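Because the structure is predicted, anything quoted here is derived from the model rather than measured. Atoms within a ligand are numbered from 1 in the order they appear, just like the ligands themselves. Residue numbers run from 1 in the order of the sequence given.
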Amino acid sequence: MVVETVSPDTTFQFGQSLGRMLRAGDVVCLSGDLGAGKTLLTQGITTGLEVEEIVTSPTFSLMNIYQGKDATGAALNIYHFDFYRLESAAELIDIGFDEYLSANGLIIIEWPDRFRDYFPDEYLWIEIQAHSDERRQLTLLGYGTRYKKLCKELNQNR
Ligand code: ADP
Ligand code: MG
């Protein structure tokens, strides 16, 4: 599924729609260059999940945790990772990535590319490409039944 957004706002709104469809245990990978819109999309997702905290790139902290609510009103922990500065798989283990994966929250990962081998088999992968100052192409790839279905629903709902 490919989505074209024409402004920061439309990317944010797409994130909100996506966020409302996410739930505990989901993994969302956001790939794209610096300034592509990974954090803005995350802000849309977290707003869709009723997070009130300010969401920024956890570039130095590697991870931020937010509390939200899914569409059914169930409380949801959101683990927002940024692997830009992560140097090795050993570091991934050090920060407790595996524990977070099994913590039944929502995992969002910026700069996931180098660490794909350490992710679960099933996840939503979103590739963001800048086409001009304000245009972005979002390519959504669903790995596994759950995420394929999610892509289909997103496509139908727009
Ligand atoms: P990243 O986390 O990928 O480094 P950010 O989300 O922090 O990127 O920043 C994206 C920047 O691009 C913001 O300054 C935003 O205003 C700008 N921008 C312009 N057009 C868009 C768009 N269509 N979608 C997302 N961001 C956009
Ligand atoms: Mg970012």
Side-chain angles (χ1 to χ4, degrees), residues 1-22 26-70 76-89 91-101 103 105-120 123-143 147 150-158:
M1 174 193 181
V2 176
V3 180
E4 302 270 355
T5 67
V6 295
S7 63
D9 257 11
T10 46
T11 295
F12 181 85
Q13 281 159 17
F14 178 75
Q16 267 185 303
S17 312
L18 171 60
R20 291 192 199 104
M21 299 172 71
L22 296 173
D26 281 342
V27 178
V28 179
C29 301
L30 304 179
S31 171
D33 290 338
L34 203 69
K38 301 179 294 297
T39 300
L40 190 66
L41 188 62
T42 304
Q43 289 163 344
I45 293 171
T46 56
T47 302
L49 292 165
E50 295 183 39
V51 171
E52 277 161 19
E53 290 136 284
I54 292 167
V55 170
T56 55
S57 273
T59 310
F60 292 95
S61 59
L62 294 176
M63 189 206 49
N64 291 331
I65 306 181
Y66 320 112
Q67 261 93 48
K69 274 187 200 134
D70 71 14
L76 179 70
N77 283 330
I78 299 155
Y79 305 104
H80 178 202
F81 291 89
D82 183 330
F83 289 162
Y84 187 72
R85 284 179 187 277
L86 198 72
E87 285 178 358
S88 65
E91 222 182 315
L92 199 68
I93 294 163
D94 285 347
I95 63 168
F97 185 61
D98 283 343
E99 280 82 2
Y100 291 114
L101 280 180
L106 165 64
I107 307 268
I108 301 174
I109 306 166
E110 296 191 34
W111 297 101
D113 309 67
R114 287 177 299 133
F115 297 96
R116 245 177 133 147
D117 289 350
Y118 304 92
F119 299 169
Y123 49 77
L124 178 64
W125 184 276
I126 304 180
E127 190 85 45
I128 311 175
Q129 279 172 302
H131 277 179
S132 71
D133 257 16
E134 298 244 301
R135 282 182 182 272
R136 299 289 187 273
Q137 179 174 297
L138 279 55
T139 306
L140 280 75
L141 298 165
Y143 293 93
Y147 301 101
L150 197 85
C151 288
K152 215 171 163 184
E153 280 172 20
L154 264 168
N155 212 2
Q156 282 161 355
N157 292 348
R158 74 195 159 104

Does any N or O in the side chain of Tyr123 come within less than 3.5 Å of the main-chain N or O of Arg116, such that one atom is a donor and the other an acceptor?
no

Give the atom numbers and elements of ligand 1 that come within less than 4.0 Å of a heavy atom of Ser7.
21 (C), 22 (C), 23 (N), 24 (N)

Please say which of Thr5, Thr10, Asp9 ends up in a side chain to side chain donor-acceptor pair (under 3.5 Å) with Ser7.
Thr10

Atom indices of ligand 1, in the order listed, that fall short of 4.0 Å to a heavy atom of Leu34:
4 (O)

Heavy-atom distance from atom 19 (C) of ligand 1 to the protein below 4.0 Å?
yes

Where ligand 1 meets Lys38 - atom numbers and elements under 4.0 angstrom, heavy-atom basis:
1 (P), 2 (O), 3 (O), 4 (O), 6 (O), 8 (O)

Look only at interatomic distance and state if Thr10 has a nitrogen or oxygen under 3.5 Å from any nitrogen or oxygen of ligand 1.
no

Are there more than 12 heavy atoms of other residues, nucleotides or ligands under 6.0 Å from atom CZ of Phe119?
yes

Evaluate the 4.0 Å heavy atom contact test for atom 7 (O) of ligand 1: does a protein atom fall under the cut-off?
yes

Measure Asp133 to ligand 1 on non-hydrogen atoms and call it side chain, backbone, both or neither using the 4.0 Å cut-off.
backbone

Check the side chains of Thr139 and Gln129 for a donor-acceptor pair under 3.5 angstrom, ignoring hydrogens and angles.
no

Steps toward ring pair (Phe, Tyr, Trp, His ring centres under 6.0 Å) verdict (Phe115, Phe97)
CA-CA 11 Å; Phe115 297 96; Phe97 185 61; 8.8 Å; no

heavy-atom search around atom 16 (O) of ligand 1 in the protein gives Pro8 CG, 3.4 Å

Indicate, with yes or no, if the rings of Tyr79 and Phe81 have centres closer together than 6.0 Å.
no

Element-labelled atoms of ligand 1 that are located less than 4.0 Å from some non-hydrogen atom of Glu110
2 (O)

Please examine the side chains of Phe83 and Leu92, heavy atoms only from C-beta on, and report whether any two atoms are closer than 4.5 Å.
yes

Between Glu134 and ligand 1, does any nitrogen or oxygen pair lie at a separation below 3.5 Å?
yes

So for Asp33, does at least one of its heavy atoms come nearer than 4.0 angstrom to any atom of ligand 1?
yes

Can you measure from CD1 (Ile45) to CD1 (Ile126) and round to the nearest 0.5 angstrom?
5.5 Å

closest protein heavy atom to atom 24 (N) of ligand 1 is Thr11 OG1, 2.5 Å

Drop me the distance from Arg114's CZ to Ser88's OG, to the nearest 0.5 angstrom.
9.5 Å

Does any N or O atom in Val6 lie less than 3.5 angstrom from one in ligand 1, N or O only?
no

If you scan protein heavy atoms around atom 5 (P) of ligand 1, the nearest is Gly37 CA, 3.9 Å

Determine the sole option in Thr42, Leu22, Val28, Leu49 for which the side-chain contact (heavy atoms from CB on, under 4.5 Å) test with Ile78 is passed.
Leu49

Check whether Lys38 reaches the backbone of Gly32 with its side chain - one donor and one acceptor, N or O, closer than 3.5 Å.
yes

Heavy-atom distance under 4.5 Å between the side chains of Arg85 and Phe60, does that happen here?
yes

Pull up every protein N/O/S atom sitting under 2.8 Å from the Mg ion (ligand 2), skipping waters.
Thr39 OG1, Ser57 OG, Glu110 OE1

For atom 12 (O) of ligand 1, what's the nearest protein heavy-atom neighbour? Residue, atom name and distance, please.
Arg136 NH2, 3.2 Å

Glu4 backbone acceptor or donor facing Arg135 side chain under 3.5 Å:
no

Can you see whether Asp26 engages Tyr147 through a side-chain donor-acceptor pair at a distance of less than 3.5 angstrom?
yes

Enumerated ligand 1 atoms positioned under 4.0 Å from heavy atoms of Leu40:
6 (O), 25 (C), 26 (N)

The closest protein heavy-atom partner of atom 10 (C) of ligand 1 is Gly35 O, 3.3 Å

